[in-house]
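The block underneath contains the structure these notes are about, expressed in structure tokens.
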Protein chains: 2
Amino acid sequence: MRGPSNPRPARIADVAREAGVSITTVSHVLSSKRPVSAQTRQAVLDAAQRLAYRPTVAARGLATGRTMALGLQFPMEGEHLLLNPYFPLLLGSLSAAAVHDGYSFVLLPARRSSEFPLESLLETQRLDGAILVDPSSTNDLLPLLRDYRVPVVTVGRYLGRARTHWVDNDHAIAIGRVLDHLAEQGYRRPALISLGHERYSYIVDIEDSFRTRTEAAGREPMVIRAEDLSERAGYDAAVTLLDRADRPDAIIAAVDRQAIGVLGAAEELGISVPDELGIVGEGDTVLARNANPPLTTIDPRAAELGAQAIAIIRQILDAGNRPGRMITLTVETRLVVRESTARSGAGPEISPAPAASP
Amino acid sequence: MRGPSNPRPARIADVAREAGVSITTVSHVLSSKRPVSAQTRQAVLDAAQRLAYRPTVAARGLATGRTMALGLQFPMEGEHLLLNPYFPLLLGSLSAAAVHDGYSFVLLPARRSSEFPLESLLETQRLDGAILVDPSSTNDLLPLLRDYRVPVVTVGRYLGRARTHWVDNDHAIAIGRVLDHLAEQGYRRPALISLGHERYSYIVDIEDSFRTRTEAAGREPMVIRAEDLSERAGYDAAVTLLDRADRPDAIIAAVDRQAIGVLGAAEELGISVPDELGIVGEGDTVLARNANPPLTTIDPRAAELGAQAIAIIRQILDAGNRPGRMITLTVETRLVVRESTARSGAGPEISPAPAASP
DNA sequence: CTGAAAGCGCTAACAC
DNA sequence: GTGTTAGCGCTTTCAG
């Protein structure tokens with residue numbers, strides 16, 4: 001069935017009447033801000049369910065002084081070459097979680113510009129909080145939000161001066177898993193393609209853990225920094241790597257887009273994948289899935305990242321943000337093994353997806 | 001100077017006091033919903049200005065029954081290969097205009113999925129309206145929004161059954177300008193790279209107008225459909241085109257990303273740009289600007305498109321949407337001439353940017 | 001042309 | 001453990 005069913009949405013008073021209690025009680029059942037007897041509680045919940053009750057966002061906002069709007073910024077503007085097919089996944093999960101909690105978004109630019117009334121927005125206190133995805137350390141917005149005391153949660157850590165709440169992948173574990181997998185498949189000289197500038201925590205993390213792990217294994221780390229996250233940059237980096245005397249037999253790329261470029265380079269140079277060269281990407285995007293051969297990739301678990309980011313915001317807003325006390329959350333990645341590293345001919349395998357660790 | 005200045009934002013009552021009138025009058029001045037004497041009006045405006053007054057979105061929403069939230073959907077999810085660096089520009093302008101009018105966004109997925117509580121959102125939280133950017137004709141969302149009577153404005157026309165309000169570029173004029181320019185520069189056999197599926201009005205428009213114009217000039221239209229909007233697809237299409245006996249001496253690509261691919265193909269085949277081949281892109285993105293040589297491109301005037309889309313929404317909401325009466329707005333593009341078509345060695349030129357035509 | 005006052009739906013003192 | 005009630009800031013009848 002389809003189409004609108006409730007001509008007039010249920011109000012809190014309707015629920016109260018239906019459950020035979022006062023609206024106060026309904027309010028408290030829904031917010032759990034004061035104890036309610038189990039019986040009453042259940043009656044209210046049932047009534048709310050029956051009437052498909054949803055609090056009116058505006059009314060709640062007016063009463064609590066909240067706006068129910070969150071700032072949202074992600075690496076798009078001015079850095080188009082960083083466009084990452086993983087963002088859509090993340091945005092989807094952020095939006096789903098936000099909708100669930102009654103929040104909507106104000107899309108924020110990474111840098112101030114005359115076109116966007118940023119100051120006026122902040123001045124009039126219209127944001128309850130803000131979520132910044134992969135903020136570069138040169139991000140203009142973060143210091144500004146701090147000045148205006150807007151609680152900020154970043155997805156990926158901010159490397160600038162300010163401290164923020166954050167949720168991030170555990171990239172050390174991720175790289176460890178990749179290297180273990182490559183070793184198992186008999187690859188001996190893995191190389192890493194990262195990014196030409198270290199403005200993202202993600203890049204720093206994968207470089208560091210790759211270096212550490214490789215050196216621990218008694219090998220010299222092969223790391224090359226690509227221009228950007230594009231296929232082209234991946235291609236260029238791969239060509240350089242594969243031209244070396246001690247050429248790598250496996251390449252880990254910072255993102256799937258680059259990995260696609262690596263694949264192209266291998267193809268062009270007549271290097272067979274996965275036999276002569278293993279390739280690993282990151283993002284678990286369609287790019288990796290649809291490649292030929294399909295690419296082994298690190299799944300950052302975007303859905304989890306998004307949900308946790310919103311959860312942190314809610315926690316801060318509900319608890320009345322003790323300043324200085326930062327909430328940080330690590331989400332484990334998942335290694336998705338596909339043909340691009342399946343040297344042994346074993347079928348694809350997928351590592352278990354653990355829950356976020358607190 | 002920086003940081004929060006107003007500890008307590010001004011309320012409508014403050015403005016009323018400051019101007020020596022009632023809050024009713026202030027409200028009416030701001031909404032122009034009933035006549036107010038010029039004197040009083042000015043006094044109120046001045047007071048509001050002085051106090052930097054901004055209406056509280058939640059309060060207004062409560063009083064009017066609006067949510068002040070707009071659905072926003074653009075081609076990201078599930079169609080990652082369509083990622084277009086022009087979207088960030090458009091999103092920026094949409095967001096700026098929305099903020100100005102007090103609106104925030106709920107990011108909507110193009111297709112229903114179990115992860116996103118779309119039905120529940122529509123049942124309850126009621127969006128005031130929705131903006132769909134380049135909706136494909138197979139878009140799931142549009143029919144759903146219709147069923148729930150959410151006013152929809154599309155950027156680019158929707159080719160499915162339903163009619164919507166829309167704002168769109170005038171692609172016929174755009175292609176005309178490009179062809180004129182190419183002819184001036186002495187190019188005689190222009191070809192067009194479009195998209196493999198006709199699900200977007202944009203693609204239909206440029207193909208049609210290219211065909212019409214070329215045939216009118218007594219030539220056979222050379223049109224090839226690329227796989228997607230990626231550099232790779234542009235490259236592949238260009239290689240095919242440049243392999244023909246009657247090979248084109250100019251290529252117009254549907255988007256800048258493809259045009260970059262065309263450039264790569266020319267380079268690889270040893271075809272000089274702009275001498276042997278002229279290249280034109282679309283989007284006026286950094287991709288075109290930073291290419292070597294810089295690419296001539298069609299500027300869709302994203303800022304104007306975004307502002308107009310929001311303006312239409314506001315008009316519908318304010319006027320009380322007479323159903324059936326669709327608002328449509330055409331925004332003229334601008335041709336940005338750069339080296340990739342500068343055969344005559346003349347410096348870059350830019351066509352004037354006309355205002356939106358009503 | 002202008003004002004007073006009654007809500008809009010919810011939260012949170014303040015009672016009991 | 002539960003209910004009464006006074007706002008939150010704005011729009012909008014209804015009076016004047």
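Numbers restart at 1 for each chain; the letters A, B, ... are given by sequence-line order, proteins then strands.
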Check nucleotides 1-5 of chain C against the protein and report each pair of N or O atoms closer than 3.5 Å, with its distance, or say if there are none.
unit_1: C:dT2; atom_1: OP1; unit_2: B:Ser37; atom_2: OG; d: 3.1
unit_1: C:dT2; atom_1: OP1; unit_2: B:Thr40; atom_2: OG1; d: 2.5
unit_1: C:dT2; atom_1: OP2; unit_2: B:Ser37; atom_2: N; d: 2.9
unit_1: C:dT2; atom_1: O4; unit_2: B:Arg34; atom_2: NH1; d: 3.2
unit_1: C:dG3; atom_1: OP2; unit_2: B:Ser22; atom_2: N; d: 3.0
unit_1: C:dG3; atom_1: OP2; unit_2: B:Ser22; atom_2: OG; d: 3.1
unit_1: C:dG3; atom_1: OP2; unit_2: B:Thr25; atom_2: OG1; d: 2.7
unit_1: C:dG3; atom_1: N7; unit_2: B:Arg34; atom_2: NH2; d: 3.0
unit_1: C:dG3; atom_1: O6; unit_2: B:Arg34; atom_2: NH1; d: 2.6
unit_1: C:dG3; atom_1: O6; unit_2: B:Arg34; atom_2: NH2; d: 3.4
unit_1: C:dA4; atom_1: N7; unit_2: B:Thr24; atom_2: OG1; d: 3.3
unit_1: C:dA4; atom_1: N6; unit_2: B:Thr24; atom_2: OG1; d: 2.9

Candidates D:dG9, C:dC10, C:dT11 - which lies nearest the side chain of B:Leu62 | D:dG9
Would one find more than 12 heavy atoms of other residues, nucleotides or ligands at under 6.0 Å from atom CZ of B:Arg41?
-> no
For A:Leu51 and C:dG9, what is the distance between atoms CG and P respectively, to the nearest whole Å?
-> 15 Å
Could you check how far CD1 of B:Ile12 sits from C1' of D:dT12, rounded to whole Å?
-> 12 Å
Would you confirm whether A:Arg66, through its side chain, and A:Arg60, through its main-chain N or O, come within 3.5 Å as a donor-acceptor pair?
-> no
Rounded to the nearest angstrom, tell me the gap between atom CG in A:Leu30 and atom P in C:dT11.
-> 7 Å
Interatomic distance where CZ belongs to B:Arg11 and P belongs to D:dC10 [whole Å] = 6 Å
Would you kindly give the CZ-to-C1' distance between A:Arg60 and D:dG7, to the nearest whole Å?
-> 17 Å
Atom pair distance, as rounded to whole Å: CG in B:Leu317 and C1' in D:dT11 = 15 Å
What does B:Thr56 touch in the nucleic acid at a heavy-atom separation under 4.0 angstrom: a base, only the sugar-phosphate, or nothing?
-> sugar-phosphate
Kindly indicate whether the side chain of A:Tyr148, heavy atoms from C-beta on, has any atom under 4.5 Å from the side chain of A:Glu119.
-> yes
Within the pair A:Lys33 and C:dA12, is there a side-chain N or O less than 4.0 Å away from OP1 or OP2?
-> yes
Take atom CZ of A:Arg11 as the centre, draw a 6.0 Å sphere, and report whether it contains more than 12 heavy atoms from other residues, nucleotides or ligands.
-> yes
Side-chain contact, heavy-atom cut-off 4.5 Å: A:Ser120 with B:Arg54?
-> yes
5' priority, DNA chain C, between B:Ala63 and A:Ser31 [closest heavy atom] | B:Ala63
Within the pair B:Thr64 and D:dT11, is there a side-chain N or O less than 4.0 Å away from OP1 or OP2?
-> no
From CZ of A:Arg54 across to C1' of C:dC10 the rounded distance in Å is 16 Å
In residues 99-107 of chain B, what donor-acceptor pairs under 3.5 Å come from side-chain atoms, sequence neighbours left out?
unit_1: B:Asp101; atom_1: OD1; unit_2: B:Arg314; atom_2: NH1; d: 3.2
unit_1: B:Asp101; atom_1: OD2; unit_2: B:Arg314; atom_2: NH1; d: 3.3
unit_1: B:Ser104; atom_1: OG; unit_2: A:Ser104; atom_2: OG; d: 2.5

Does the side chain of A:Leu108 come within less than 4.5 Å of A:Phe116's, by heavy atoms?
-> yes
